[in-house]
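Quick note on labels: first sequence line is chain A, next is B, and so on, each numbered from 1.
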Amino acid sequence: MQETPAQISPATGGTGLLSAVLSDNPPGRRLLNGLMLLVLLALVLAPFLFPGTKALGVSARICIFALLVASYDLMLGYTGIVSFAHMMFFGIGAYGVAIALIKGAAGWGAVLLGAGAGVLLAVVLAVFIGVLSLRVRAIFFSMITLAVASFAEIVATQWRDLTGGEDGLTFSVPEMLRPGFHLLENPLLGVKFNGTVLTYYLTLAVCLVLFLILLRVVNSPFGRVLQAIRENEFRVEAMGFQVVAYRTIAFVLSAVMASLAGALMALVLHYVGPEATLSFSLMVDVLLMIVIGGMGTLYGAVLGAILVVVAEYYLQNLLGSVSAGLSGVPILSALLHPDRWLLWLGVLFVLIVTFFPQGIVGRLRQASQPKPGPASANRPN
Amino acid sequence: MSSPAWILRRDQWQQWAPYAVTPVLILAALPAMGVGSWLTLTVAGLSMGVMLFLMASGLTLIFGLMDVLNFAHAAFITMGAYVATSVLGRLTGWTNDESLAMNLAAIVLALLAAAAATGTLGFFFERIIVRRVYGAPLRQILITVGALIVMEQLVIVLWGPDAIALPKPVALRGSVIVGSSSIETYRLVALAVGLVVAVAMQLVLTRTRIGLLVRAGVEDREMVEALGYRINRLFIGVFIAGTALAGMGGMMWGQYQGLVNSQLGDAVNVLVFIILIIGGLGSVGGCFIGAILVGLTSNYVGFLFPQLAVGSNILLMFLILMWRPRGLLPLAGH
């Protein structure tokens, strides 16, 4: 993975509050900074810029996935371990909130209780899996997380009494977050401040804060050890750091963030189900986002989430219209069938991992460096 | 004072314990159920085990030799089952024939076709995808996961999104009654086919020059290279063999279930991973023990505690890992 100088020795310019908030790790140089600022502005002003429930849903999804992918980056990009159980933790958070809201009163207490229970379960599971599987080899960890994740998917679909099975659970959220609730009597700048908008801002705020915490973590001494583990596990072990402990803590931290993201998703959707919260195809989405955005950058998570979420909403339509035009051609129309969008995302994924492994952020940072390092340094892992 | 010969020393016990797990499990299951169901379930478990071994052995060989864990293995399993539906769909005359010989001939033909198709695919897969990422574990995982998605979607493009029936040949549909237990005929066939392949594989690995090279490569790849052998050719060969085995296993599994869909490989692959973890990554012997263990556990637990059936294999995996963190028969140096 490419280490830009900005990461190894954080740019000390621009001291002050902003720099402290970003943990001395700004996105990059001009272009990338501008891009991130634009994204932040667009997300903050989303209810005004893109009116309509669907657009707001897409924006909320972007925020949540940006957090989810950033927390995944802590493992994949910074520590160099691949987990396939990330959606399981996401699902645990989502189901935690859903079940608490159904069993208890639809109030904030239930939300906190559900999210708290989800986080607790995520921590217990992550510690158990991490301690058992990270001792041996990183590949062991990947296989075990895959097995456990598929088990979680089966549990969610079969334990009908608790999870609602394939159908999932629909529930009421606290009063303030319902579409019928109005914070202001009159629309502000043409936007009605109802529960949906409030939910969006809650999501955005929580995701932003957690993202900044992740940024703090990766730029802390702890984060440096993680990156050192990624670069050379044996050397770090020889220096006296317990690699297993560091990897497990990174895994636990990532799981906690994922379950919180899941809790937010439950609040946004008012629904949880296996397909929406813990399916393997969502895991593929996360992998795609992180690879497109750039591993080991955190900021890449945001760009990746935007690109993939938007693409998924519109790619299906595009494929649909192209496929309709080709309905006479046998194989081609099957290849371009709207249900085959995963095929094209998969092809894109393989191409990016092969030819463009540093992702968008990695590439932009590289481009803005005055003197590029030797080509060999760009090889990931 | 010397201890009696029948008491194993601690190190001997450590060495023999992995081999004792399966017999102990089989014997322990006997008092928990009647002899009739015990026999039925044991045969069912063994045949499930050898089918799983077909699929898992290819993956473990590839891993042992080239240090590549192919996450796309699941797609080869699915592909094998689908190829079998196409082949047997054209051989309905053979499979609907009452004679056992015609039925078995159809199965063997379908197995060969599945193996040929997935093996060919494996060749291109190694050349195009895997070759780029030798020695880069992180990218290996990512790129093979990507390839898995693409291949699964291509299966849907080629064979359609709906599940396809893969019926068992007529003569193999019923059950054989042995004492008080009934044993499905197809399970016996699967057991026989699986054992034939397993024995053939063992013979190739231990009695031929190629097998010697493969085992040496697993032990120390660089030394084999230094002795002047082209390790790349060995890689390709083993990759083709491993994916062909996956196709054969997929065909047997699909026919046993009677229905093939694009998720078939994914479901089995989870069991395959559990087997590799239980057995020790890269070890063929451990893979065999692991496969049989998983097959037996699934059947016993499904009968005794149906509500635990789903989690039984995960539970087994964690129990074994707590006992032996590297699996039952770990490879040295891996």
pair [X]-[Y]: side-chain heavy atoms closer than 4.5 Å:
X: Leu321(B); Y: Ile144(A); result: yes
X: Val270(B); Y: Phe151(A); result: no
X: Ile277(B); Y: Phe140(A); result: yes
X: Val150(B); Y: Phe349(A); result: no

Please state whether the side chain, the backbone, both or neither of [X] comes within less than 4.5 Å of a heavy atom of chain A.
X: Ile314(B); result: side chain
X: Ile274(B); result: side chain
X: Met317(B); result: side chain
X: Ile129(B); result: side chain
X: Ile143(B); result: both

With a 4.5 Å cut-off on heavy-atom pairs, point out which of Gly327(B), Gly311(B), Pro161(B), Gly160(B) contacts chain A the most.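 With the most close heavy-atom pairs to chain A, the winner is Gly311(B).
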
To the nearest 0.5 Å, what is the distance between [atom1] on [X] and [atom2] on [Y]?
X: Asp67(B); Y: Ile139(A); atom1: CG; atom2: CD1; answer: 8.5 Å
X: Met295(A); Y: Leu142(B); atom1: CE; atom2: CG; answer: 5.5 Å
X: Leu342(A); Y: Glu152(B); atom1: CG; atom2: CD; answer: 8.5 Å
X: Met143(A); Y: Leu69(B); atom1: CE; atom2: CG; answer: 5.0 Å
X: Phe280(A); Y: Gln263(B); atom1: CZ; atom2: CD; answer: 10.0 Å

Would one find more than 12 heavy atoms of other residues, nucleotides or ligands at under 6.0 Å from atom [atom1] of [X]?
X: Gln257(B); atom1: CD; answer: yes
X: Trp323(B); atom1: CH2; answer: yes
X: Tyr134(B); atom1: OH; answer: yes
X: Arg127(B); atom1: CZ; answer: yes
X: Glu237(A); atom1: CD; answer: yes

Under a 4.5 Å heavy-atom cut-off, does chain B meet the side chain of Val291(A), its backbone, both or neither?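 Side chain only.
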
With a 4.5 angstrom heavy-atom cut-off, which part of Ser133(A) approaches chain B: side chain, backbone, both or neither? neither

Which heavy-atom pair separates Ile141(B) from Ser142(A) by the least distance, and what is that distance? CD1-OG, 3.5 Å

Closest non-hydrogen atom pair, Thr354(A) against Arg139(B):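 Smallest interatomic distance, heavy atoms only, reads O-NH2, 3.4 Å.
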
By side-chain hydrogen bond (donor to acceptor under 3.5 Å, both in side chains), which residues pair with Tyr72(A), not counting sequence neighbours? none

Take Phe71(B) and Phe84(A), measure what ring pair (Phe, Tyr, Trp, His ring centres under 6.0 Å) needs, and give me the verdict at the end. CA-CA 11 Å; Phe71(B) 278 79; Phe84(A) 290 100; 5.1 Å; yes

